[in-house]
There are 2 protein chains.
Amino acid sequence: MAKPTPLSGFPELLPEQRFVEQQVIDTLRTVFELHGFAGIETRAVEPMDQLLRKGDTSKEVYVLRRLQETDTAADSGLGLHFDLTVPFARFVLENAGKLEFPFRRYQVQKAWRGERPQDGRYREFTQADIDIVGKDELPFHHDIEVTRVMVDALSRLTDPAVLGLPPFRLQVNNRKLIQGFYAGLGAPDPAEVMRLVDKLDKLPAETVRGMLLEEAGLSPEQADRCLELATIRSTDDSFVDRVRALGVEDPLLEEGLTELAALLRGCASLTGDQVTIEADLSIARGLDYYTGTVFETRLEGSESLGSICSGGRYDALASDGRTTYPGVGISLGVSRVLVPLLNRGALVADRKVPSVVLVALTGEDTREESDAIATALRANGVPCEVAATAQKFGKQIRYAERRGIPYVWFTGDDGHQVKDIRTGEQVAADPATWTPPAADHRPRVVVATGSTTPPAKEQKQ
Amino acid sequence: MAKPTPLSGFPELLPEQRFVEQQVIDTLRTVFELHGFAGIETRAVEPMDQLLRKGDTSKEVYVLRRLQETDTAADSGLGLHFDLTVPFARFVLENAGKLEFPFRRYQVQKAWRGERPQDGRYREFTQADIDIVGKDELPFHHDIEVTRVMVDALSRLTDPAVLGLPPFRLQVNNRKLIQGFYAGLGAPDPAEVMRLVDKLDKLPAETVRGMLLEEAGLSPEQADRCLELATIRSTDDSFVDRVRALGVEDPLLEEGLTELAALLRGCASLTGDQVTIEADLSIARGLDYYTGTVFETRLEGSESLGSICSGGRYDALASDGRTTYPGVGISLGVSRVLVPLLNRGALVADRKVPSVVLVALTGEDTREESDAIATALRANGVPCEVAATAQKFGKQIRYAERRGIPYVWFTGDDGHQVKDIRTGEQVAADPATWTPPAADHRPRVVVATGSTTPPAKEQKQ
């Protein structure tokens, strides 16, 4: 077989990169569980009518066909899920009788989209979602809760002692606030105004202004106020006064202001240098079906990736006609954040293997003794491996070095000795009791200085 | 939307079941890493020519097509992987220059096969694979190593303190042994004999005997000896003498006997009541491309599931024409073992949520105080949640009970109190320092007594 080449859009990681991803996923899981979120997985496939039920056929769904199906035009009626929200909504409806509400769940899984691959956008990618779902009702304090959970998670990811990811900036807005503002202003179609204002991150304000006049039927003065609203940003609740200063009054606007201010206050104690939250009144999440709080998140130094963690409040995640299940959730694009950083070498583990110790081998006839030492170390939770061949000790040390294994274990006339091959220090040790310093126990994530800022053109994966 | 119904062959788990699966996967990962195996994941898709390159078109591969592809007959040329070996072989070739050999990897991922669903066989299922791959050569001691790793893993899965799965029986044979035996016996086509003897688990011995005469061209005496070889079983190396007593001589047979005896001796110290190993000379692994050691595994009480953990030695996992990569590996069918046990309620977690503590709420106006208590508990690694609404305390206790949360935290005039709602015991506690007993820290897997034996007809999932 000729050497295979990578498939564009389907990133794969080497062991020393996968370790970083695994560490991120473990950290997320720990935080989500500390907050009482239960982990679930849904199947990779959904019926096509489920995947397309929002009428949004622009999604690049992968449709499945069984190879043995003799009619080659016959699809199985199944497609790979393109996010974790559609399957979760279906899961909630299907199992509603067996779940306890409010139902807090996290889900870390792959999703697939057949779209054109580009930096941060892949055909196969890992998402980490948290959602809280209620039955018929879900009080607003859960919006604050879900935000606090994600801020807690992102804080640990940026903690240099844990992973050292670049800082995150969470941008929050509230649909009630902006829709109420547009309504109070007298806009004939507030939803259309929201759709157009959402284009501000791609188009110049002047162009959007023109569209507000032509497509949304606003007067020049109304359009200017909408654009003014979209410039308001604050990391505390001072945005409230700035909105009020625009002189628009509307009950829905009031509700949105109250909610957004409560959310910022509720998260204030958790933010810091590495994770900031700001009210950003330009955020609208376009076509998505949010009804209150909306989130986007930028990764510092990687703003070109767009939002890497988005979500919000939806009043009907799912409904079976009789019961409605409102929810609030956030989805973190694990691949979108990590793969570009891994590809450019900004993050990597300091070992290619989990082993802390290489147990040296003096000869094939004593392999059993070396195995026994390894077994003793493992009984204390120390990952280790026995040398593959009884080469000269110098070569066995090189073997450890190439894999990043920090310690080599020797047994000879002097009894047991363990050598830290980074320092050369060698000490007597007992395999029944020896453990490495905590910092050596697992591979460490190394952050390459300066490399979290992307080069002019990102390296292709 | 009407209530969705499950898709046959695509099992999904409730939170209290998923916890059990997660615990199994965590345990496997811990053991694999203790033995120095690095975790990797491969993409879900492979080019169709890779998936079918063994010429085995009987595999029920799911082929992918992009929905937006205007030519509806045009496949993407990609299919979902049906195991983890084909993608791993491709991964090794693709990344050979960046990997260190011998390369030990574990991989826990889903695979897909469009075959007819039945108990223990699903269209989507999770596999846990370990393999050791060498460059050009891979000494036999790695066969022993990989077996020891899986025995270690299975032992922890059956440990009542960890998970309490039913006992496993690992059956080992060696292709060199049986092929050498058939050759030494003068069989015209030893491979054909092996293929037919492999049918012994499905057909009566008399039928197989007839096939050996007619299809493999054996004499009645040769056929009887082949069948006699297949009856030999032993949990120590006593099988060697019994094979020798059949009076066949062949250098390949000798090599096989030596290897298989070494493997049994090498694993003897690890086996116990819950995990047994036996040489079973009827095991051949049919059409698979093994060249030495072969494994199968039965789960006690669920023999009808067939082998739930199989593998062996292959002298060419992959080859690029110049370099060959021999390997030895085992694959555990996580879904095949767990889903039937979960479906019949034999295993379940004692909580539906990770929370150890429900922090009670006296009113919405003091939610911030309750949140602060929860934050303090989480800082000590205690998973917890704050009550969703300020109901009467009796109702909040019921809320905890329904989810299996063992402790409720009250704050009142007496200060902080934590109540074990299983015993009713209530004590004063400090949120900054309180932690639950270790046994309560995570949900526990509960084994329903008597229920690991399947009913006459297994429940459909």
Side-chain angles (χ1 to χ4, degrees), chain A residues 1-7 10 12-15 18 22 33-45 53 60-68 72-73 79 90-91 93-95 98 100 102 104-105 110 114 124 141 318-320 352-355 367 378 381 383-385 388 402-403, chain B residues 1-7 10 12-15 18 22 33-45 53 60-68 72-73 79 90-91 93-95 98 100 102 104-105 110 114 124 141 318-320 352-355 367 378 381 383-385 388 402-403:
Chain A
M1 178 162 80
K3 188 179 164 181
T5 48
L7 272 182
F10 292 89
E12 286 188 324
L13 305 178
L14 291 168
R18 166 64 182 164
Q22 185 70 67
E33 293 187 350
L34 278 174
H35 287 264
F37 284 65
I40 66 160
E41 288 203 334
T42 53
R43 62 193 187 219
V45 303
R53 86 190 160 93
E60 292 274 5
V61 175
Y62 279 114
V63 188
L64 263 55
R65 177 175 67 77
R66 290 196 308 126
L67 183 61
Q68 302 301 313
T72 55
R90 190 261 315 151
F91 182 91
L93 271 194
E94 190 176 315
N95 298 291
K98 299 169 189 156
E100 296 292 339
R104 295 174 177 85
R105 85 85 174 76
K110 294 203 170 75
E124 177 176 71
H141 62 77
S319 171
D320 60 8
K352 289 167 176 255
V353 294
S355 305
R367 179 170 290 280
R378 286 179 196 127
C384 59
E385 57 190 84
R402 276 200 306 275
R403 288 159 178 77
Chain B
M1 180 163 75
K3 189 180 163 180
T5 49
L7 271 183
F10 292 88
E12 286 189 324
L13 305 178
L14 291 168
R18 166 63 182 165
Q22 185 71 66
E33 294 187 350
L34 278 173
H35 287 266
F37 284 65
I40 65 161
E41 287 203 335
T42 54
R43 62 192 186 218
V45 303
R53 85 193 161 93
E60 293 274 4
V61 174
Y62 279 114
V63 188
L64 263 55
R65 178 176 66 79
R66 289 197 306 125
L67 182 62
Q68 301 301 313
T72 55
R90 189 264 312 152
F91 181 92
L93 272 193
E94 189 176 315
N95 298 292
K98 298 169 191 158
E100 295 292 338
R104 294 174 178 85
R105 85 86 173 76
K110 294 205 172 73
E124 176 176 73
H141 63 76
S319 171
D320 60 8
K352 290 168 175 253
V353 293
S355 305
R367 179 171 290 281
R378 288 179 195 125
C384 60
E385 56 190 85
R402 276 199 307 276
R403 288 158 178 78

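Predicted, not measured: the structure shown is a model, and the values here were computed from it.
- Only the backbone of A:Leu13 has a heavy atom closer than 4.5 Å to any heavy atom of chain B.
- Residues that satisfy the side chain to side chain donor-acceptor pair (under 3.5 Å) test with A:Arg105, not counting sequence neighbours, are A:Gln107, A:Asp131.
- For the set B:Glu33, B:Glu385, B:Glu100, the count of heavy-atom pairs under 4.5 angstrom toward chain A peaks at B:Glu100.
- The side-chain heavy atoms of A:Glu12 and B:Arg90, taken from C-beta on, include a pair separated by under 4.5 Å.
- The contact between A:Phe91 and chain B is made entirely by side chain atoms (from C-beta outward), counting heavy-atom distances below 4.5 Å.
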ask   = Yes or no on side chain to side chain contact (heavy atoms under 4.5 Å, CB included) for B:Arg43 and A:Leu7, after CA distance, side-chain angles and deciding distance?
value = CA-CA 9 Å; B:Arg43 62 192 186 218; A:Leu7 272 182; 3.6 Å; yes
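- Most heavy-atom pairs under 4.5 Å with chain A, from the set B:His35, B:Lys110, B:Arg402: that is B:His35.
- With chain A as partner, the option from B:Gly381, B:Pro354, B:Gly36 having the largest number of non-hydrogen pairs under 4.5 angstrom is B:Pro354.
- A donor-acceptor pair under 3.5 Å is absent between the side-chain atoms of B:Lys3 and the main chain of A:Asn95, judged by distance alone.
- Side-chain contact between A:Glu124 and B:Val45: absent, with no pair of heavy atoms (C-beta onward) separated by less than 4.5 Å.
- By number of non-hydrogen pairs under 4.5 angstrom with chain A, the leading residue of B:Arg104, B:His141, B:Lys98 is B:His141.
- Between B:Arg18 atom CZ and A:Ile40 atom CD1 the span is 9.5 Å, to the nearest 0.5 Å.
- Chosen from A:Ser355, A:Pro15, A:Gly79, the residue pairing most often with chain B at heavy-atom distances under 4.5 Å is A:Pro15.
- Looking at heavy atoms from C-beta onward, A:Val63 lies out of side-chain contact with B:Leu64 at the 4.5 angstrom threshold.
- Of the two parts of A:Glu94, the backbone and the side chain both hold a non-hydrogen atom closer than 4.5 Å to a non-hydrogen atom of chain B.
- Side chain of A:Arg66 to main chain of B:Gly114: a donor-acceptor pair is present (N/O by atom type, distance under 3.5 Å, no hydrogens or angles).
- Within the 4.5 angstrom heavy-atom criterion, atoms from both the backbone and the side chain of B:Arg378 approach chain A.
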